[in-house]
2 protein chains.
Amino acid sequence: MSDSKIRNMEEFAALSGVSRPTVSKYFNDPESVRASIRTKIEAALEHHDYRPNIFAVNQNRKLTKNIGIIVPYLADPFFAEIARRIETLVIAEGFRPILLSSHGDTNLEVSNLEALRQIKPAAVLLAPLGRTSDRQAIMDFCDNVPTVNFDSNIEGAGEAFIGHNNVQATEMMIEYLTRTGEPPVFFEMRTPPNPNAIKRRNAYLATMERMGHTPQLVQAEGEGWNLEEIGYETAKRAITNKELSTNTVFCSNDRLAIGFLSAAYELGVKVGHAEGCSLRVAGHDNHPFSRYTCPTLTTISHNYDLIATRSVEIVMSMIESEQRLEERPTTLLDGELIMRASA
Amino acid sequence: MSDSKIRNMEEFAALSGVSRPTVSKYFNDPESVRASIRTKIEAALEHHDYRPNIFAVNQNRKLTKNIGIIVPYLADPFFAEIARRIETLVIAEGFRPILLSSHGDTNLEVSNLEALRQIKPAAVLLAPLGRTSDRQAIMDFCDNVPTVNFDSNIEGAGEAFIGHNNVQATEMMIEYLTRTGEPPVFFEMRTPPNPNAIKRRNAYLATMERMGHTPQLVQAEGEGWNLEEIGYETAKRAITNKELSTNTVFCSNDRLAIGFLSAAYELGVKVGHAEGCSLRVAGHDNHPFSRYTCPTLTTISHNYDLIATRSVEIVMSMIESEQRLEERPTTLLDGELIMRASA
DNA sequence: TTTTTTTCTTTACGCGCGTTAAAAATAATA
DNA sequence: TATTATTTTTAACGCGCGTAAAGAAAAAAA
């Protein structure tokens, strides 16, 4: 498979018996050269294992074959899972994904944007931090790089937004919980990092009002992305102090719910809809681990696959059409109720 | 902060009143130019926001400021967490981390290696898939790129290895479990993807023998990285069929343990060392979620920070000394017993 | 076979920056 | 102030490839 190392395209062209510009053409699109030539080049490739220098290639192109992906916190399995799917799709489309995590840090998000801009990506998929994002930096970035915003909506940022239909999902869960028992208390952070949480809170309040129930917000005080810990501590407090006005708790997201379940277990409070349980707990997101909590967590699934697929679809259409979208289409994906043991 | 866009270093040099070669020198090391010149350049930077074209820079350097990081499966919180720490350290050292996940796929691992090679990284931190890795491809890669192997040891690959002291950790846990109750059964996959698992199995067998207890392996048949599911299914089978010869289970890793706990809960088997519990379960890895399982998981912590810190340290010393290491130093980090409620 | 169309080869320039050698300017030392 | 050491400027080449123009060759159509 290999002989001597080849320095550059010039050398490789000589070895394959084809001129350099034609070889260059081949590497940009193998179909663009005649079959006979293609055979020659590919035969040479078998013996010499040459690949164009990626830096030289990118220097001479306005846009590269890179697609940037920024997520707010990669150690969160939710984003890890979405990133994984997006990467796979991007590779299948023949692009190279560049995955960056902001690790919950505003400055890192900004420098991730700067790093991507340098790389001249064909497009970027951006899931911003949300509340703590540097809005101006993001808007500037989106002016220069074709971007699709997903998960956390930053109004006006990017050419399109793909996110969750928090209203539909929240209504559905409240309806379910109320129909099968008591209306829920809402368990959340007072200052959540993610705007989805705000939408969910408002949807909770509106729905409860509409249904004629009195809402109750149980709020955690913490900051940051250590949501399980925040949920755990707050749940312990709320249960111990008997702060919950009903026997049903709707958590703003699954990670808080996981902390809640841990606290409940520790305090000997049995959770579930079965006999002998004193509390029901539901979550939101269908976290990869929600299937294995004790009890298994009733939650709302936001189809990972669809978010990934739709985002990549839009990005690809942007790249192909080579122009920005006129309006800013917003896709809100409906959630699906995942009924398990906890509620 | 910004005026007109600057095309290249030539233009920026003109604006700052310094010659281009000197500006180039400045960007490679600001300390290498006279203070008066530095002031001029930095003053210009305030107004014009110019940064050297990364492709042109890298094309003209043998090595870049990139440091590659490859992990086998980023959606696994264990690797997500390690990757996060490594990234942070790498950035602090003034390098740019390029994080790639193999998503459990041999071919993707190989193409990740190829992608990195193209990028001419200063060094690479590689956590391979393990059993399913293409050993030859990895060895070839390591010949060409200075690499540090961590987590899964591929014998002879890379300039150094940093991993877990599986023997010490396993012995410690068995000793603890035996001292506080019955000796454990070992719960694992028959064909684990990761070589650590094999080391742990062997350490279990050896330690049990040495202590004069009869070992028992309870093995899951699954393949792949969906460990919680595999643990869950196998635990259900083992508990239902009463396959466990003692009341204590030592899981090869925390993700299997999480599945185990879920199954036990579902079957109404109380887990823990407290009164009224019929089973003890321990894990291995101190998975980020092991703190929130029900009951909280007794496990062995492999200091994330140390793995990340040591790996980056070695990489940096390799880069600075500009030469390969003579031998292949192997660092095995001792585990720490994390006593929680499950055992 | 001749004409037309398509594709390839040759030649050459440009991308933005690293780097070097010689000349010029500046700083440090005597 | 004169001398020496250090840094900067000027000028120029090279990195590896994209790309454009003009002529040559091959394939397709007449």
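None of these values were measured; they are calculated from a predicted model. Within every chain, numbering begins at 1; the chains are lettered A, B, ... in the order of the sequence lines, protein sequences first and strands thereafter.
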What is the separation between atom CZ on A:R34 and atom C1' on C:dT9, rounded to the nearest whole Å?
11 Å
When you measure from the side chain of A:S19, which nucleotide among C:dA27, D:dT10, C:dT10 comes out closest?
C:dT10
Is it true that A:E81 and A:R84 have a side-chain N and a carboxylate O under 4.0 angstrom from each other?
yes
Option from B:V71, B:I162, B:N196, B:L126 for which side chain to side chain contact (heavy atoms under 4.5 Å, CB included) with B:D151 holds
B:N196
Any carboxylate oxygen within less than 4.0 angstrom of a Lys/Arg side-chain nitrogen, looking at B:E313 and B:R310?
yes
Mind checking whether B:Y304 and B:F78 have ring centres under 6.0 Å apart?
yes
Checking C:dT9, D:dT9, D:dC17 against the side chain of A:V57 (C-beta onward), the nearest is D:dC17
Give a yes/no answer on whether the side chain of A:S24 brings an N or O atom under 4.0 Å of OP1 or OP2 in D:dG18.
yes
How many Å lie between CZ on A:R61 and P on D:dC17, as a whole number?
12 Å
When all nucleic acid strands are considered with a 4.0 Å heavy-atom cut-off, which category describes B:N28: base, sugar-phosphate, or nothing?
sugar-phosphate
Expressed in angstrom and rounded to an integer, what is the separation of A:E31 atom CD from C:dT7 atom P?
12 Å
Base of D:dG16, side chain of A:R20 - is there a donor-acceptor contact under 3.5 Å?
no
Contact class for B:Y26 vs. all strands (heavy atom < 4.0 Å): base, sugar-phosphate, or nothing?
nothing
Counting only side-chain N and O atoms of A:Y50, is one of them less than 4.0 Å from OP1 or OP2 of D:dC17?
yes
Name the closest nucleotide to the A:P21 side chain, picking from C:dT7, D:dA20, D:dT9.
D:dA20
Any A:T22 side-chain nitrogen or oxygen under 4.0 Å from OP1 or OP2 of C:dT9:
yes
Taking C:dC17, D:dT8, D:dC17 as options, the one with an atom nearest any side-chain atom of A:N60 is D:dC17
Out of C:dT19, C:dT11, D:dG16, which has the shortest distance to the side chain of A:Q59?
D:dG16
